[in-house]
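Step one of this worksheet: look at the structure below.
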Amino acid sequence: MIHSLFLINNAGDLFLEKHWKSVISRSVCDYFFEAREKAVEPDNVPPVIRTPHHYLINIYREKIFFVSVIQTEVPPLFVIEFLHRVAETFQDYFGECSESTIKDNVVIVYELLEEMLDNGFPLATESNILKELIRPPTILRSMVNTITGSSNVGETLPTGQLSTIPWRRAGVKYTNNEAYFDVVEEIDAILDKSGTTVFAEIQGVIDACVKLSGMPDLTLSFMNPRLLDDVSFHPCVRYKRWESERVISFVPPDGNFQLMSYHISAQNLVAIPVYVKQNISFFETGSSGRLDITVGPKQTMGKTVEGLVVTVHMPKVVLSANLNATQGTYNYDPVTKILVWDIGKLNPQKLPNLKGSLSLQSGAPKPEENPSLNIDLKIQQLAISGLKVNRLDMYGEKYKPFKGVKYVTKAGKFQFIRSAIFLSDKSYRIATLCTISLIF
Amino acid sequence: MQKLLQLPVNAVNIVKGVQGVTQGQEEALSPVLTPDSGPQNWYSAVQPEELRHLRSGGTEDRSALEEGLNSVQTQPLRHDDLKEMLDSNKDSLKLEAMKRIVAMIARGKNASDLFPAVVKNVACKNIEVKKLVYVYLVRYAEEQQDLALLSISTFQRGLKDPNQLIRASALRVLSSIRVTIIVPIMMLAIKEAASDMSPYVRKTAAHAIPKLHSLDPEQKDQLIEVIEKLLADKTTLVAGSVVMAFEEVCPDRIDLIHKNYRKLCNLLIDVEEWGQVVIINMLTRYARTQFLNPNINESLLEENSEKAFYASDDEEEEDKKAEPATLAKRKPYVMDPDHRLLLRNTKPLLQSRNAAVVMAVAQLYFHLAPKAEVGIIAKALVRLMRSHSEVQYVVLQNVATMSIKRRGMFEPYLKSFYIRSTDPTQIKVLKLEVLTNLANETNISTILREFQTYIKSMDKDFVAASIQAIGRCATNIGEVRDTCLNGLVQLLSNRDELVVAESVVVIKKLLQMQPEQHSDIIKHMAKLIDNIQVPMARASILWLIGEYCEHVPKIAPDVLRKMAKSFTNEEDIVKLQIINLAAKLYLTNSKQSKLLTQYVLNLAKYDQNYDIRDRARFIRQLIVPTDKSGALSKYAKKLFLALKPAPVLESPFKDRDHFQLGSLSHLLNAKAAGYQELPNWPESAPDPSVRNVEIPDWSKCSSRKDRKEKKVEKPFYSDSEGESGPTESADSESDSGSGSASASGSDESGSGSESEESGEETESDEEEEDEEEEKKKRKKLDKTKAKKQCIINFDQFDMNKITSVFSQTLAPSGSIKMYELLHRIKGEGLAVEYCFSRQPFSPEPNMVAVQIQFTNNTNSETKNLHIEDPRLQSGMRIREFAEIDVLAAGESVTVVMGIDFCDSTQAANFQLCTHTRKFFVSIQPPVGELMTPAFLTENDFKKEQGKLMGMNEILEKLTLGEKCVNEHVIVERVTATANLSRVPCGSDKECRFAGKTVSSGCLVLVTVTTKEGGGAQLTVNCEKMLIGTMLVKDILQALSQ
């Protein structure tokens, strides 16, 4: 299956290689470099590259290309999914998955890769098992390690690998038993110039932080499970019970994990929290243009809109922008032609406005298209779809879990790779963030 | 390079060994070994320790060549230092050394000369050192075979360790050492491990099989034996790995699967994700050899109606019409139960978080499922499109292939394939492909509108692809051909040359289909030739003019004149078309173009390109009659002006589905090494009994031993195991039956909390949705009562029975309003009350269930309670309760009767009789009780509401009562007034409710919109205006209290 892995940074330096079968010369990457050059943008590198003797399957993440070498037939998604899992594991271990962290922790990286694949076939990809085998680095531990010479490798043997519930290690113990669930929803919408919704749908995930002793068996139910149009689960969730009863029954992994992701289809009406009045025009003569954008609240359900950012992709001929914002700051990057207006909190009494002139390349024809707008925002304490968690029951353990309500607010963690810009005149990308904490 | 450099390094080591360290350093300075002495001086001036920092810090980014040189110069120094550390007694020093060595390996530097020093530490006590030594060993064993053998004994010892994890890891490393000499040892170790007690060790053995096979293919036969043994393994841990080994070593030995087929299907859901992918792919192939094509009837039709491919609606109908006919001819198809088992057990995996698993299931359904069932995979595939762009890329490729064969399945998700300007170009192009495949008469207008916006994109490659897509839509769907053509012609005046050029090329193809009607377009294009510079476009225009020169007799010679002038400056493809144009004109209009043609041909004769010279010579011979010209010139006109068939613009993804979807080969559209062909369906089914497993054997291992084992391992997941068990075939049915029974039995006896769970679990299995809803309602109504009932396994009960059990035991709870039917004084001690239980009346669903409670307050018993002489309005009906024989003194009893009120609030009058007296009573229902909840989605609600406007809508403003402070109270009040269900709503200012009238099933929709300051608006939509009006009154009253 997966023969070798090469990590290559954006500048084209190959900074790590790992082979699971016999060694393949790094010259095989020349084919990749060739494709990379042709693609111009890193996004456009074809994920599968054919070379005379090998196939290169690569992903691009956090400015690193993970290039794997394949020799025989294998489902490409299998490899792609695995490579993403590798990147996620690095992120989980080192906080971020970047060239510098990988270089700093090269030994741990190597140990991880060694455990994750055996002869090119995935062996242990569950973070719970890996963490038992190889402890993630912390500042304290690395200091202790340098003094005492002790190691990052777990002394105990991993038990998770032996059980049929590989995602949970045995013998978990907490003094405070608690479980938190974050419901995070994102709206993807396309709106046309008049503000009508062309396309809108909601993507949601439920992230869990479960710190419970022993082997608890949890059942999570919703007030309105019918809202959920399409769901996908962590392997711990029992599919059968979802199909028959629409409850989520699972033995949770220990710690943080994504329990499920769901989709609420465009058929249900999606509330659009803000509206945008925009007027961007270019004059026929004089190589200049005018821009006027106002943002206001629409269906916010009484909550405050925060973290509002408007991004405009300007046509190539726009050289600079001289604007005046009543709230927040704006920034125009003449290289990427992106105008970013960071508004922050939306005040319904005083609507933020951005107004001013654009100067165009002289002599160039007036751009035909109207630039599209992109909006980022955040609403706390609200799941825009109306999804509500009904209750959480625990079976299988005798102890009384710690009772308490804890509100967790996370922001910006869910930067989805895919950002939603559309070809229509206006578009929104909205993330509402909501945390529902449960009392047992 | 590295190989070359290795020699001197070794040489240095040898010399050094004799001469000592200081001399070794001098040796390193020797000019013979270091061709470039500049940087080397610089290095030697630095202390080794500092050097290391320098190297790890700054020098990594240098080119490989330079690194190679540097390492030669510095390795002797540094490696000595490492060797010393490795030889020391301190684990911390060893660890530090190993870490540095591993870091070198990771950077791709050669550390092979340290082999002897490292291998000594293979038995080190420190786990991390040991692990890193393993890493090193596996990396370099192939190069240093003899030395590697030193470590083997350590692993052999490890294989006998009492700890399963140590056994496994020893086997893992041993099998990873690629040294041919140890093949017999490996073989022995694998065989032993395959029968190990621990499933983890067996899994490792399965992993070791492909390693040994690649090292020595001659061991294949022995390895197949081991695979056969491991395939029989019943643990989920082993299943994935052994199938992986099977796929690598002997994918054609399908006979090995027979006996394990059902087991694999049943285990599948519990296997780890990666194993699932491999197993599903393998089972797809297996099923293709063992079962009959479920679409056999359709596929025959498909061949016949190839022409009607793009008109699926018709096709569907045709299908239906033709089906009986074909069915009559053919033997009716019956799906093998094992085939069904596979489909059923893979379906839940569409919900996996792992894209590869979802894709594997999707391809399985695509290749194996009956046409009607394939649709379920669409939603899951569309979900994958929201994942990383690489995943999108692969999924879109597969969707593109699928959408050609089964377009209907993706049509509902059309909008999900709309292109976003941030998509990478390769994704955009693929999405375009899918959109084009999905286009049909009904959606073409939306798709074309979408395409129009794409043309404005800044991404030029994408714009070109969009124009081509429009062209393809136009050829495929006749109705829009003219619209598309007009649109494309408009694009000809676009400012962007690329757009124009691409349009020209597409228009050329379209015109070829019906050139007669479009001579004006050809003229228009002829004018363009002055401005367009893109060679492909120029060539296309010239070809068009030449081909249809009869339609533009005046313009064509003029174009040739212009072209002749600029001939020498044109690109090659344009030149070729100029020659073509000249030749065609010469044949049709030789008077005007004879000289021009001669001139062009003369120019071409001396062209630099031999293709053009060739073409000129060839054409001259053909068209210009000379003495020597042969028989061919007579046919010149036929040769050049033959009617050419219009090009078929078809998807590059057509017929790609002969590759197994989701495979690398499919993606590349070429067979990859090791690709296993997806076999065609067999003509007649092979013997299905090969999959039968002998019953005694099966029950012995699985139901007792294995099941026990499973219970220990996974106490909570056995339920899914049990549920996934059932097969239609006789033998495994017995297994699954006993399995689920024993599993649930043990669960219940296990602990109190569990029994409750399993009770709830079995409760609503496999029942219809609405029944489930009813039950939930009921449960809310009286939770404690319901709990008792839950212990009964509802599956085995007839719903009617349950309802009656419920309604008889159900005491009216506080939330339901009781009405008096007969006062105790009036009834001479017999008090009768009734309430509307809001249960569906099971014997007749369009009756309202009325629950009547008799209480005997006298001192003697009342007998023969029954109903007589009902006096009803026309249409109304009553279903009486069974006569109550005896009601003892002081006792009370509850019965249920059904009344069909015909959706009116007219009272039902009847006589209530006892053995002594008759009482005239009447039951008048509040309007709210004439309905049952209807479960709508928000969207359905909106849709239905839209249908019930005008006269059917009643609007009323009201002021909310003091207690109606929040949504919750409003919901409570409304649902208390009328038997409605809540409809989900995005806004918290609105509450929506829906119901149906019991008798006629008319929808009743209620919306309460709250406003600032206690105001509110009530909207009722109902076809029955009378009901609507009354309901408004009742709700108004309830809310303003």
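To find a chain, count down the sequence lines: A is the first, B the second, and so on, and within it residues start at 1.
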Pick from [options]: which one has the most heavy-atom pairs with chain A under 4.5 Å?
{"options": "B/E142, B/K90, B/M244", "value": "B/M244"}
{"options": "B/M359, B/R139, B/R982", "value": "B/R139"}
{"options": "B/V138, B/V277, B/V357", "value": "B/V277"}

Discussion item. If you count every heavy atom of other residues, nucleotides or ligands that lies below 6.0 Å from A/K21 atom NZ, does the total exceed 12?
Written reply: yes
Of the listed residues ([options]), which shares the most heavy-atom pairs with chain B below a 4.5 Å separation?
{"options": "A/M1, A/H84, A/E114, A/Q71", "result": "A/H84"}
{"options": "A/I57, A/N44, A/V107, A/D43", "result": "A/N44"}
{"options": "A/P75, A/S261, A/S232", "result": "A/S232"}
{"options": "A/L83, A/L77, A/I70", "result": "A/L77"}
{"options": "A/K18, A/H234, A/M223", "result": "A/H234"}
{"options": "A/I59, A/V45, A/D118, A/N58", "result": "A/D118"}

Worksheet item: Any donor and acceptor pair, going by atom type alone, linking the side chain of B/D423 with main-chain N or O of B/I427 inside 3.5 Å?
Response: no
I want to check something: taking the side chain as every heavy atom from C-beta on, are [X] and [Y] in contact at a cut-off of under 4.5 Å?
{"X": "B/D91", "Y": "B/L95", "value": "no"}
{"X": "A/F78", "Y": "A/I80", "value": "no"}
{"X": "A/T125", "Y": "A/L117", "value": "no"}

Contacting region of [X] [heavy-atom separation from chain A under 4.5 Å]:
{"X": "B/V278", "result": "side chain"}
{"X": "B/V358", "result": "neither"}
{"X": "B/R178", "result": "side chain"}
{"X": "B/E247", "result": "neither"}
{"X": "B/V391", "result": "both"}
{"X": "B/Y675", "result": "both"}
{"X": "B/N281", "result": "side chain"}
{"X": "B/K671", "result": "backbone"}
{"X": "B/L132", "result": "side chain"}

Worksheet item: Would you call B/K942 and B/E938 a salt bridge, using N to O less than 4.0 angstrom?
Response: no
Fill in: Salt bridge present between B/K99 and A/E111 (N-O < 4.0 angstrom)
no
Worksheet item: Looking at B/Y413, does the NZ or CZ of B/K379 lie under 6.0 angstrom from its six-membered ring centre and within 45 degrees of the ring axis?
Response: no
Worksheet item: Cation-pi between A/R238 and A/W242: NZ/CZ under 6.0 Å from ring centre and within 45° of the ring axis?
Response: no
Fill in: Residues that B/A672 engages under side-chain contact (heavy atoms from CB on, under 4.5 Å), provided they are two or more places apart
A/Y55, A/E73, B/L664, B/S665
Item to complete: Quick one: list whatever passes side-chain contact (heavy atoms from CB on, under 4.5 Å) with A/I102, sequence neighbours left out.
Response: A/L7, A/F15, A/L16, A/I64, A/F90, A/C97, A/V109
Discussion item. Can you tell me which portion of A/M260 sits under 4.5 Å from chain B's heavy atoms? Options are side chain, backbone, both or neither.
Written reply: neither
Item to complete: Below 4.5 Å from any heavy atom of chain B, which atoms of A/E126 appear? Answer side chain, backbone, both or neither.
Response: side chain
Worksheet entry | Pair A/Y239-B/K347, side-chain contact (heavy atoms from CB on, under 4.5 Å): steps then yes or no | CA-CA 10 Å; A/Y239 299 114; B/K347 191 179 156 196; over 6 Å; no
